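Predicted model, so just to flag it, every value in this text is computed and none were measured. For reference, positions follow the sequence shown, starting with 1.
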Amino acid sequence: RKKASEVVKAWDDKALVHKVFDFYVVEVEYAVLCTIDSKNRRVDFQLDPEYKHDLEDTAGYFLFEPVDDKITLFTYAATKVQTGLKVPFSIQNYLTFRDLPDVVANVKMRIESGGTWTKDK
């Protein structure tokens, strides 16, 4: 669903990232402020209130835990997602149980390719 993800600004241990997602008939744009903790291999993100957004709020994190020399366990958590819209249960169910496994598979292929893989449209 991700149409664009661009680092707008980076400084010290922070990065401002603009994101665009395509959900069939709705395009959602927002900017998150990421805090990068290199020591703990963690990136926390939250909606940046300085920018106009199509979301009411979002927050979460990415965690990269080395298992061995060749394997890293990647954990993604959205700890808060408030769209500001009423989303029917059928759509929530589809995104959670049908769409999310594809997202995880795509992230895996992107990581394993060294960042070169992109999904064909």
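Here the side chains of Asp44 and Asp37 are not in contact, with every heavy-atom distance at 4.5 Å or above. Side-chain contact between Thr75 and Tyr61: present, with at least one pair of heavy atoms (C-beta onward) separated by less than 4.5 Å. Proximity of His18 to Leu16: side-chain heavy atoms (C-beta onward) are nowhere separated by under 4.5 Å. Side-chain contact between Gln46 and Thr58 is absent, with no heavy atoms from C-beta onward closer than 4.5 Å. In this structure, Ser38 and Asp13 have side chains that are not in contact, with every pair of non-hydrogen atoms separated by 4.5 Å or more.
Glu65 has no carboxylate O lying under 4.0 Å from a charged side-chain N of Arg41, or vice versa, which leaves the two without a salt bridge. Between Lys80 and Asp57 a salt bridge is recorded (basic side-chain N to carboxylate O distance below 4.0 Å).
Placement of Trp117 and Ile71 in two distinct hydrophobic clusters is found when ILVMFWY residues are connected by side-chain heavy-atom separations under 4.5 Å, directly or transitively. Under the 4.5 Å side-chain heavy-atom criterion for Ile, Leu, Val, Met, Phe, Trp and Tyr, Leu55 and Leu33 are members of distinct hydrophobic clusters. Hydrophobic clustering places Val7 together with Val43 (ILVMFWY residues linked when any side-chain heavy atoms are closer than 4.5 Å, directly or through intermediates). Grouping the Ile, Leu, Val, Met, Phe, Trp and Tyr side chains by contacts below 4.5 angstrom, directly or via other members, places Ile36 with Phe74.
Here the rule is side-chain contact (heavy atoms from CB on, under 4.5 Å) with Phe64, and of Thr72, Leu73, Asn40 only Thr72 fits it.
Judged by distance alone, the side chain of Asp54 and the main-chain N or O of Glu29 form a donor-acceptor pair under 3.5 Å. In this structure, the side chain of Asp68 engages the main chain of Lys70 through a donor-acceptor pair within 3.5 Å. Within the 3.5 Å criterion, the main-chain N or O of Ala59 finds a donor-acceptor partner in the side chain of Thr79. For Asp48 (side chain) and Glu50 (main-chain N/O), a donor-acceptor pair under 3.5 Å exists by modelled atom type.
The heavy-atom pair separating Leu47 from Glu56 by the smallest distance is CD2-O, 3.6 Å. Residues Lys19 and Val32 approach most closely at CE-CG2, 4.0 Å, considering heavy atoms.
In this structure, Lys14 places its NZ atom where more than 12 heavy-atom neighbours from other residues, nucleotides or ligands lie under 6.0 Å away. Heavy-atom neighbours of Asp69 CG from other residues, nucleotides or ligands within 6.0 Å: at or below the threshold of 12.
In this structure, Phe45 has its ring center closer than 6.0 angstrom to the ring center of Phe62.
Ring geometry for Phe21 versus Tyr30: interplanar angle under 30°, hence parallel rather than tilted (30 to 60°).
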